[in-house]
Amino acid sequence: MTRYESSLLRLLDERGYIHQLTDAEGLDKLAASQIVPGYIGFDATAPSLHVGSLVQIMMLRRLQQSGHKPIVVMGGGTTKVGDPSGKDESRKMLTSETIADNIASIRTVFERLLTFGDGPTDAILVDNDEWLSQLSYIDLLRDVGPHFTINRMLTFDSVKLRLDREQPLTFLEFNYMILQAYDFRELALRYDCRLQMGGSDQWGNIVNGIELGRRMEGRELFGATTPLLTTADGSKMGKTAAGAVWLNEAQLPGYDFWQYWRNCDDRDVGRFLRLFTDLPLDEIARLESLEGAQINDAKVVLANEVTRLCRGEEAASSAEETARQTFAGGVGTDLPVLDLPVEGMTIAAACTAIGFTASNGEAKRKIAEGALWLDDAKVTDPNAPATPGKLRLGKKKHGVLKPA
């Protein structure tokens with residue numbers, strides 16, 4: 001590890017958040033000498049962020065823990081445009097009302113993980129629609145446009161990916177990087193924000209903002225990115241066969257959220273504990289050194305700690321107790337429940353309706369593999385009528401079928 005002077009970069013480094021820094025020495029000196037306001041932007045395309053965004057939220061938490069000021073920028077304006085980074089196709093257009101509702105829902109997660117207020121290191125949440133919606137297009141072209149060249153914009157991975165695949169990249173999306181760069185300049189003017197952080201796919205956008213701030217205002221700005229986060233098996237963080245692992249309770253029940261962490265790959269336990277919990281590093285080292293069946297104890301700690309941070313103490317305790325009852329042969333209170341309709345339904349349809357599978361076809365394949373059980377009996381006929389009992393798919397998915 002690099003030896004840093006500031007507590008900020010030491011903390012980020014030892015917990016595995018640093019992938020790239022635009023000027024490590026300059027940022028280190030700044031963070032060691034004064035409070036640094038830093039931001040990360042989050043677009044509001046859904047009512048919740050998923051765990052793929054959690055590493056960024058935790059990075060803001062680390063910023064505050066080390067004595068600096070987090071700025072959460074909700075992309076009320078940029079959501080109307082759409083970030084092409086990592087995307088194969090254009091986003092759906094959302095109404096202003098939907099975007100506002102999404103921002104209000106997403107804010108609840110930040111309120112658990114950050115301390116908001118008026119103090120020098122208290123977090124603030126701002127919406128970039130405040131300034132982007134006020135921009136005159138002609139003024140933007142005249143004042144900002146000369147600082148961007150098409151030649152350079154075409155070299156960014158977010159653009160090259162789409163063009164190389166001969167997939168459409170609209171002029172609307174092409175403007176996204178200009179608007180994000182403008183965000184950094186505006187935050188520097190309004191809040192003396194000196195640092196933008198983000199995932200590795202945001203590197204080009206961050207560098208654009210730093211260049212724009214230097215050219216237009218003569219300001220020295222800094223950037224930091226986190227590594228691309230994948231699980232040990234190479235899959236993208238926050239995605240499962242059943243869909244996204246949402247941070248908000250309304251989008252994903254607490255037990256399912258807890259189980260996502262409890263079921264992580266053995267090889268991910270130490271890394272996830274460093275990134276997503278506040279446990280001391282020596283305790284993390286002890287937990288990740290556990291072998292055999294004992295590594296499951298570390299996974300329970302991981303699930304409890306992350307659920308406690310994101311959902312609260314009660315959600316973590318309830319999920320752990322449900323897991324204990326379920327694997328002891330009982331029925332936990334947090335398990336998903338399906339009320340069977342009066343007209344009846346097949347067991348394959350029930351498997352899909354309760355959320356175990358994405359389609360009846362997938363349910364039938366799982367049944368053919370011998371993976372579905374109702375109470376203590378293996379399900380063999382996908383067209384058999386669903387009856388009340390405890391439904392289990394494999395070792396990890398449990399639910400309850402209730403009579404109408």
Side-chain angles (χ1 to χ4, degrees), residues 42 46-62 64-65 70 72 101-117 122-123 125 237-238 240 242-264 268-269 272-280 283-284 287 296-339 354-356 390-392 395-402:
F42 302 86
S48 172
L49 301 173
H50 59 69
V51 300
S53 298
L54 187 55
V55 68
Q56 315 304 335
I57 303 173
M58 290 299 295
M59 206 174 185
L60 288 172
R61 183 176 174 88
R62 304 305 183 206
Q64 189 166 54
Q65 287 174 336
V72 180
D101 289 344
N102 288 348
I103 290 173
S105 178
I106 289 169
R107 183 188 175 107
T108 58
V109 171
F110 288 103
E111 288 173 340
R112 287 192 182 277
L113 291 160
L114 301 173
T115 300
F116 286 83
D122 285 341
L125 185 145
M237 184 75 184
T240 69
V245 182
W246 300 104
L247 297 179
N248 284 49
E249 178 75 26
Q251 281 67 46
L252 185 73
Y255 178 73
D256 293 339
F257 184 79
W258 188 92
Q259 279 283 26
Y260 173 77
W261 301 100
R262 167 61 183 81
N263 293 331
C264 75
D268 286 325
V269 172
F272 286 179
L273 284 166
R274 280 185 286 275
L275 289 172
F276 302 117
T277 81
D278 290 337
L279 289 178
E283 174 63 5
I284 292 173
L287 289 168
N296 291 325
D297 296 336
K299 293 181 184 182
V300 170
V301 172
L302 172 66
N304 284 339
E305 292 295 317
V306 181
T307 306
R308 186 175 293 115
L309 283 175
C310 295
R311 301 290 184 85
E313 178 68 45
E314 185 177 344
S317 300
S318 178
E320 184 182 13
E321 177 60 17
T322 293
R324 188 191 66 77
Q325 291 183 23
T326 299
F327 289 101
V331 176
T333 56
D334 276 358
L335 291 179
V337 174
L338 176 65
D339 291 314
I354 204 169
F356 288 1
K390 190 167 76 173
L391 195 67
R392 172 169 65 85
K395 295 181 179 179
K396 298 178 180 180
K397 293 186 177 181
H398 300 259
V400 178
L401 303 183
K402 291 180 63 179

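Computed from a predicted model, the values in this text were never measured in an experiment.
How far OG1 of T322 is from NE2 of H398: 11.5 Å, rounded to the nearest 0.5 Å. How far CD1 of I106 is from CG of L49: 4.5 Å, rounded to the nearest 0.5 Å. Note that CG of L113 and SG of C310 are 5.0 Å apart. Values are rounded to the nearest 0.5 Å. From K397, atom NZ reaches atom CG of L391 across 11.0 Å, with rounding to the nearest 0.5 Å.
Residues meeting the side-chain hydrogen bond (donor to acceptor under 3.5 Å, both in side chains) test with S105, sequence neighbours left out: N248. W261 meets the side-chain hydrogen bond (donor to acceptor under 3.5 Å, both in side chains) test with no other residue; sequence neighbours excluded. S317 meets the side chain to side chain contact (heavy atoms under 4.5 Å, CB included) test with E313; sequence neighbours excluded. The side-chain hydrogen bond (donor to acceptor under 3.5 Å, both in side chains) search around Q251 returns none, not counting sequence neighbours. With sequence neighbours excluded, the residues forming a side chain to side chain contact (heavy atoms under 4.5 Å, CB included) with D278 are M58, R61, R62, Q65, L309, listed by chain and number. The side-chain hydrogen bond (donor to acceptor under 3.5 Å, both in side chains) search around D268 returns R271, not counting sequence neighbours. Applying the side chain to side chain contact (heavy atoms under 4.5 Å, CB included) test to R112 and every residue at least two apart in sequence or in another chain returns nothing. The side chain to side chain contact (heavy atoms under 4.5 Å, CB included) check on V301 picks up L279, L287, E305, with sequence neighbours excluded. Under the ring pair (Phe, Tyr, Trp, His ring centres under 6.0 Å) criterion, F42 pairs with F110, sequence neighbours left out.
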Problem set entry | Test salt bridge (charged side-chain N to carboxylate O under 4.0 Å, His left out) applied to R324 and E320, step by step | CA-CA 6 Å; R324 188 191 66 77; E320 184 182 13; over 6 Å; no
Exercise. What's the verdict on side-chain contact (heavy atoms from CB on, under 4.5 Å) for T277 and I284, showing C-alpha distance, side-chain angles and the deciding distance?
Worked result: CA-CA 9 Å; T277 81; I284 292 173; 4.3 Å; yes
Exercise. Does the pair Y255 and E321 meet the rule for a side-chain contact (heavy atoms from CB on, under 4.5 Å), with working shown?
Worked result: CA-CA 10 Å; Y255 178 73; E321 177 60 17; over 6 Å; no
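At least one donor-acceptor pair closer than 3.5 Å links the side chain of R311 to the backbone N or O of L247. The backbone N or O of E314 lies less than 3.5 Å from no partner atom in the side chain of S318, so there is not a single donor-acceptor pair. The main-chain N or O of L252 is never found under 3.5 Å from a side-chain atom of D256 such that the two would form a donor-acceptor pair. Listed for the K299 side chain is a donor-acceptor partner under 3.5 Å among the backbone atoms of C264.
Residues Q64 and P70 share a closest heavy-atom pair of CB-CG, 3.6 Å.
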